[in-house]
Amino acid sequence: MRKFLKNKLMLLEFSVGNYLSLKTKTTISLLATPIKEHIYSNIFSTERYDLLKGAVIYGANSSGKSNFIKAMSTMRRLVLQSFEQSSADELNIIPFLLNTETEKAPSYFETVFLIDNIRYRYGFEADDKHIHSEWLFEASKQAEKALFIREKDGIEVMKAFPEGKDLEERTRDNALFLAVVDQFNGTIAKKIMKWFNNFITISGLSHEGYKGVTFAMLEDKGTQKILLNFYKKLDLGFDDLAISKKPFDPKELPNDMPEGLLKQLVTDLEGAFKIDIKTIHKKYNGKDKIAGNVKFDMRSQESSGTNKLFNISGPVFEVLNDGGALVIDELDASLHPLLTLAITKLFNSKEFNRNNAQLIFATHDTNLLNYGNYRRDQIYFIEKNKYGASEMYSLVEYKEEGKTIRKDRSFEKDYIEGRYGAIPFIGNISNAIAEWQEK
């Protein structure tokens, strides 16, 4: 008998259009196709759907990978921060600028997700100053019904969404109606806000800001052991961690700072804490016998890869513990391929991923095409056409001479050879080097 999951937050689809290099509507889907690959590890079932535990996106530099993930981050930001903005704030949305028809048009964002086994479809169109349209649909079964529809001439609230009544006029031109309803404690709106709060997007390049999550999990006895065991399994070269937390001391700020900036920092950091992390290594004597321990400063004495793994491990395990979706750009940057593989395999692990969290990430690490055990419907490629617009497609959709790609093909070899596209065009590099040497 199949076991179905209830009361979980699941991502089904995300779509974006006319945003940065993504000119036309571009969609990533975590609805499992009927293919028979890794069905016991990479798929989980709800009462209504078979869903994928994640997806991986490949493409050359400047192909649009980061733009697609930035679109997810932008939608999340707009939803969660919309109510806090003033009427004069800009929304920081850039459309596709390489076409006269799109450069002045709004960008499109839409997400389809499950909450308590009910499917919701929520989206909006917006430019830098205004929300042009917004919609929310609900489907308890197969048929969708509108909860509200917003257009330029107003907001129509349906009978099935009484929590939105009489709030239409309280919604600014640059604010989302959903966020307004949430502020007035709308039941459905609050659930959707919680879903977006569990829709985490992080950068694999600028990861310093995420270590606070890791610190918090290491301070919690319930999650500390899980993280420490994970670090030990990866053999990162240290035996333990030492964490200290002390109040911010203004005397630690540089003496040569401008007085105005110094005063501002002292004010801003009042009551803050400084968290120090040390790695503990064994020390040996001349006979290679253990002579004690030595502490290394994590930031200055450990590798960039170890720092990155430490910083993002908090968000990774937070999502694994709580459920939801984690989206990471440049996951493999600074990481050994085996460490990247270890992180991705956490999400296909029954031991670590009991709440069926989902991981979407962009990478250049082609080893995962062989060893990551990804299904064809989990592998996406993105590339730019001759008009500068990014186009994305999954391997299960890709056709070669009218036929789908077989599951027993070497995906890594085929990709590197350019069979699926989405790789950089380098040209004759030997000629380029010869020309450069002649100068």
Side-chain angles (χ1 to χ4, degrees), residues 9 11-20 22-29 67-96 101-115 118-139 144-158 160-161 163-165 167-184 186 188-199 201 325 327:
L9 309 174
L11 173 64
L12 275 61
E13 291 181 355
F14 173 83
S15 300
V16 60
N18 192 29
Y19 177 75
L20 297 175
L22 300 149
K23 179 187 176 186
T24 59
K25 182 179 176 181
T26 305
T27 300
I28 194 167
S29 175
N67 288 343
F68 187 81
I69 287 179
K70 191 179 290 184
M72 294 180 169
S73 178
T74 296
M75 185 178 193
R76 180 181 190 271
R77 170 180 61 82
L78 291 172
V79 170
L80 295 180
Q81 298 179 11
S82 179
F83 194 81
E84 301 171 5
Q85 296 178 313
S86 75
S87 59
D89 286 338
E90 294 184 345
L91 301 179
N92 295 319
I93 295 175
I94 301 174
F96 183 75
E101 294 183 356
T102 59
E103 62 181 342
K104 301 294 184 182
S107 300
Y108 170 96
F109 303 88
E110 184 180 75
T111 310
V112 184
F113 47 94
L114 281 183
I115 302 176
I118 297 174
R119 187 181 79 234
Y120 292 96
R121 179 166 63 88
Y122 172 70
F124 52 84
E125 290 181 301
D127 61 21
D128 205 33
K129 299 183 182 298
H130 303 102
I131 305 298
H132 287 248
S133 63
E134 186 181 1
W135 57 91
L136 176 63
F137 288 81
E138 176 187 273
E144 275 191 338
K145 63 181 178 183
L147 297 184
F148 72 81
I149 298 175
R150 174 183 185 176
E151 295 177 337
K152 283 187 177 181
D153 57 353
I155 303 171
E156 182 181 4
V157 178
M158 313 305 176
F161 195 62
E163 63 196 69
K165 286 292 184 184
L167 298 177
E168 300 92 332
E169 299 302 320
R170 295 176 179 265
T171 306
R172 303 185 315 271
D173 288 345
N174 67 342
L176 293 169
F177 182 60
L178 179 72
V180 174
V181 179
D182 171 63
Q183 287 297 312
F184 285 87
I188 295 174
K190 289 177 74 69
K191 287 181 180 180
I192 293 175
M193 284 295 189
K194 180 181 179 182
W195 185 90
F196 274 99
N197 196 53
N198 283 54
F199 182 48
T201 58
V327 183

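By convention here, the first residue in the shown sequence is residue 1.
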Counting only heavy atoms not in Ile94, do more than 12 fall under 6.0 Å of its CD1? no
Rounded to the nearest 0.5 Å, what separation is found between the [atom1] atom of [X] and the [atom2] atom of [Y]?
| X | Y | atom1 | atom2 | answer |
| --- | --- | --- | --- | --- |
| Arg76 | Trp195 | CZ | CH2 | 10.0 Å |
| Leu178 | Glu134 | CG | CD | 6.5 Å |
| Gln81 | Leu176 | CD | CG | 11.5 Å |
| Asn67 | Thr74 | CG | OG1 | 9.5 Å |
| Ser133 | Ile155 | OG | CD1 | 11.0 Å |
| Met193 | Asp182 | CE | CG | 4.5 Å |

Considering non-hydrogen atoms only, spot the tightest contact between [X] and [Y] and give its length.
| X | Y | value |
| --- | --- | --- |
| Ala146 | Met158 | O-CG, 3.1 Å |
| His130 | His132 | O-CD2, 3.5 Å |
| Ile192 | Tyr120 | CD1-CD2, 4.3 Å |
| Ser82 | Arg172 | O-NH2, 3.2 Å |
| Arg150 | Ala175 | NH1-O, 2.7 Å |
| Glu163 | Ala189 | OE2-N, 2.9 Å |

Measure from the side-chain N and O atoms of Thr102 to the backbone N and O of Phe96, and report whether any donor-acceptor pair falls under 3.5 Å. yes
Does Asn174 reach the main-chain N or O of Ser86 with its side chain, forming a donor-acceptor pair under 3.5 Å? yes
Using salt bridge (Lys or Arg N to Asp or Glu O under 4.0 Å), reason through Glu138 and Arg119 one step at a time and then give a plain yes or no. CA-CA 6 Å; Glu138 176 187 273; Arg119 187 181 79 234; over 6 Å; no
For the residue pair [X] and [Y], establish whether any side-chain heavy-atom pair is separated by less than 4.5 Å.
| X | Y | result |
| --- | --- | --- |
| Thr201 | Lys70 | no |
| Val79 | Phe199 | no |
| Leu136 | Phe177 | no |
| Thr171 | Ile131 | no |
| Gln85 | Leu91 | yes |
| Asn92 | Arg77 | yes |

Sequence neighbours left out, cut at 3.5 Å: what donor-acceptor pairs do the side chains of residues 107-114 make with other protein atoms?
residue : atom : partner : partner atom : Å
Ser107  : OG   : Asn18   : O            : 2.5
Tyr108  : OH   : Glu110  : OE1          : 3.3
Glu110  : OE2  : Arg121  : NH1          : 2.9
Glu110  : OE2  : Trp135  : NE1          : 2.8

Taking the six-membered ring for Trp, are the ring centroids of Phe68 and Phe14 within less than 6.0 Å of each other? yes
Would you call the rings of Phe148 and Phe161 parallel, tilted or perpendicular if under 30° counts as parallel and over 60° as perpendicular? tilted
